[in-house]
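Small disclaimer: the values here were computed from a predicted structure and weren't measured.
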Amino acid sequence: MVLGYMLDIRNGDLSTANIAAKLVQANAPENELDYINGRYVVIIHRNNDLNIYTDASALMPINYCQAEKIISSHDVLIEEILKYNGRTVNDVRDELLGSFDFTRYEGIFKFNPSLKLNLNEYTFERYYPAKEISRKSIDDILKELDLYFREMTKWLKRWDNDIILTLTGGYDSRVSMALTNELSERIEYITYLHPNLKRLSEAAQKIYEVDLFITEALEKNFRINHTQVDLADYDLKNDEREHYKSILQTAHSFPLIDYFKNDRKFEKALHIKSTVFGMGKSDFPLNKNHNPETYEEMSEFIHGVSNAALKLPNYKDILNDYYERNLQKEKVGKGRHFFEIFHLESRMGNWHSNVTQETDPELLEFIFVNTRRILDLLQSPSIQERRDKVLYKHIINEYWPALLFVGFNEETFNLDYDKLGINTTKYFNGITIYEHTNLSVTELDESVIEIKPDNEKVGPEFQYVFKAKNKTNHSRKLKLKSLFNKENARQYINVSTMKLNEKSVVSMDIVDLFKGYDTTLRPFEEFMIEINYNHRFDKLSWQQAGRIQISIV
């Protein structure tokens, strides 16, 4: 049984019914669900087992009461059933509203999208993540994503109702916009204006001003169908307001309900959102451990919890109960960062799933990355690549490159394409290589790279510079070694190294570098290598003589 809609990212021609039939026949439905996008709840009955699953981020939310074995679309339905049967239901304390997996009522929780529920025994089982994640290059990720994006575009082209896309000034919605390039003529791009800017802080007001500048620049330069919705013009009144206050867990979107339901009169329009894109940005402080494995380390990355909740005397018990309910054991991420796991299962599975109910059934949410396979791909680059939005820049560059020339979260135009770092910045084992002038950089294995002049013609008229930065909060040991050991060829090639913050230069003949040179980069420290030829040469052998291997630990 499927509630909602499904989309197989491997085959955009399949209907929800086709996909449901395949799930029943699959030996491991969980593996198939890794590739199923959409907004759905699916209940699968096979081999006497009855299991319930949601989409990857619980766009179609579930609430449950384990003590009484009840599941429901809304927390208030469970509350009413419990009270009708003589049970006492208490409100959850205000400090915890909207955080972790709490609903408005004690003992009623939000369903974690990474778990399945066996309805025979009413027991949960974690099925995501199932495998250790492996680091991938941006190129390899893009190749796989391209297959999925093409199938989703095919599916979108067949959608026979309205399509809107929420547009802001940031990266996430720009990626969604880029992916809708082929459909842009039939999409309405919508930007919300805040109903009362004067109540916001000066910083928040600036953010809205920047968003307005950027979205208007996109409208002007790309001729898109762009609508600005002034939320101050819309709100729910009287009985309608009281009705929604009683059934919805949040009340921040009353103007949106009024706009989409009463003004636009939408009925199941497809709403392309970009909220789950946060899974690929690693927006956590770099001064914390990059590989949290213990409960204590994991707890440092809990977010979206009020300061008042953090001060509760039983906060540690609340946290431990959350871990236990959601089967979050130590190392639960299997190589994925716990910040992302918590973001998916609490911020998306709770807060965001509440938001999606506010405009249901006027809107059906669609998010390009709302499948577990794509979520894994978003988490496959290095942490610094994710923080620098490298994958997202490449996606935009692939599907609608002109969108890169309008600034992101700032009132600028990116007229210097190279400064975007799409084709120049490289990432390797925690080191960001941001300049390699007249040098080629080759990855030899997981811990060794090689640099050398990029042309057979070498000489003092060319500058060979390599610059890198340790973008982690851990020291990195570097070992430099040349492959040139001809004593009679001394004084032809000199190598200089320098830590840019210290301004101290170490120079040596490339023959001496054959013995190796060790240095350590402290967190966020920058490093430069310069190769200097003292004579002109135009033979491959002298290009090869300038090779330097850099081992990074």
Side-chain angles (χ1 to χ4, degrees), residues 1-9 16 19-20 22-24 26 28-46 49-66 69-75 77-78 98 100-103 108-120 122-130 248-250 271 273 275-276 278-279 322 325-328 332 340-361 363-376:
M1 178 182 290
V2 179
L3 307 176
Y5 76 92
M6 288 177 154
L7 159 62
D8 192 326
I9 61 174
T16 298
I19 297 168
K22 290 180 65 176
L23 287 172
V24 173
E30 295 84 1
N31 295 340
E32 284 295 305
L33 284 169
D34 282 351
Y35 298 89
I36 307 303
N37 199 342
R39 182 177 187 254
Y40 59 83
V41 170
V42 57
I43 304 172
I44 300 176
H45 182 212
R46 62 191 300 272
D49 269 338
L50 191 62
N51 290 294
I52 186 168
Y53 310 80
T54 72
D55 59 77
S57 66
L59 286 179
M60 176 79 79
I62 302 177
N63 301 265
Y64 72 93
C65 174
Q66 190 158 16
K69 298 182 172 55
I70 307 172
I71 60 173
S72 174
S73 59
H74 293 67
D75 62 346
L77 291 177
I78 300 177
F100 293 110
D101 56 349
F102 291 107
T103 66
I108 302 174
F109 301 100
K110 296 304 289 286
F111 190 102
N112 186 328
S114 299
L115 307 181
K116 67 176 180 178
L117 175 61
N118 184 307
L119 294 172
N120 300 71
Y122 216 92
T123 55
F124 286 96
E125 180 182 337
R126 174 172 287 275
Y127 71 98
Y128 177 83
L248 297 176
Q249 294 186 43
T250 52
H271 181 197
K273 298 186 71 175
T275 40
V276 184
M279 292 288 292
Y322 169 77
R325 272 195 310 275
N326 292 279
L327 308 181
Q328 289 185 354
V332 63
E340 264 79 44
I341 296 296
F342 184 81
H343 182 76
L344 175 67
E345 298 179 6
S346 175
R347 301 301 292 149
M348 294 294 99
N350 189 356
W351 167 79
H352 185 242
S353 74
N354 292 338
V355 172
T356 64
Q357 285 189 323
E358 295 175 0
T359 52
D360 183 349
L363 303 178
L364 294 179
E365 279 73 21
F366 171 86
I367 300 174
F368 277 101
V369 299
N370 192 39
T371 59
R372 295 176 184 88
R373 178 56 194 160
I374 294 182
L375 291 183
D376 274 354

Colleague: Under 3.5 Å, is there a donor-acceptor pair between the side chain of Arg373 and the main chain of Asp34?
Modeller: no

Colleague: May I ask you to check whether Phe368 and Phe366 place their ring centres under 6.0 Å from each other?
Modeller: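 Yes: the rings meet the under 6.0 Å criterion.
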
Colleague: When you compare the side chain of Leu344 with that of Ser57, does any pair of heavy atoms fall below 4.5 Å?
Modeller: yes

Colleague: Are Tyr322 and Phe342 close enough that their ring centres sit under 6.0 Å apart?
Modeller: yes

Colleague: Glu365 and Asn370: side-chain donor and acceptor closer than 3.5 Å?
Modeller: no

Colleague: Could you check if a side-chain atom of Arg126 sits within less than 4.5 angstrom of a side-chain atom of Gln328, using non-hydrogen atoms only?
Modeller: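 The answer is yes, as the side chains (C-beta and beyond) meet within the 4.5 Å cut-off.
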
Colleague: Could you tell me if the side chain of His352 sits less than 4.5 Å from the side chain of Ile367, heavy atoms only?
Modeller: yes

Colleague: Could you state the interatomic distance from OG1 (Thr16) to OH (Tyr40), rounded to the nearest 0.5 Å?
Modeller: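 Answer rounded to 0.5 Å: 10.0 Å.
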
Colleague: Could you go through Leu117 and Leu115, starting from their C-alpha distance and side-chain angles, then the distance that decides it, and tell me whether this counts as side-chain contact (heavy atoms from CB on, under 4.5 Å)?
Modeller: CA-CA 7 Å; Leu117 175 61; Leu115 307 181; over 6 Å; no

Colleague: Is there a side-chain contact between Lys273 and Leu59, using heavy atoms and a 4.5 Å cut-off?
Modeller: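 SC-SC contact between Lys273 and Leu59 ruled out.
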
Colleague: Distance under 6.0 Å and angle within 45° of the ring axis: does Arg325 meet both against Tyr64?
Modeller: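 Judged by the rule (NZ or CZ under 6.0 Å from the ring centre, within 45° of its axis), Arg325 is not positioned above Tyr64.
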
Colleague: What residues, two or more places apart in sequence or in another chain, satisfy side chain to side chain contact (heavy atoms under 4.5 Å, CB included) together with Glu125?
Modeller: Lys116

Colleague: Contact between Ser353 and Lys110 at the side-chain level, heavy atoms closer than 4.5 Å - yes or no?
Modeller: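 A side-chain contact under 4.5 Å exists here.
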
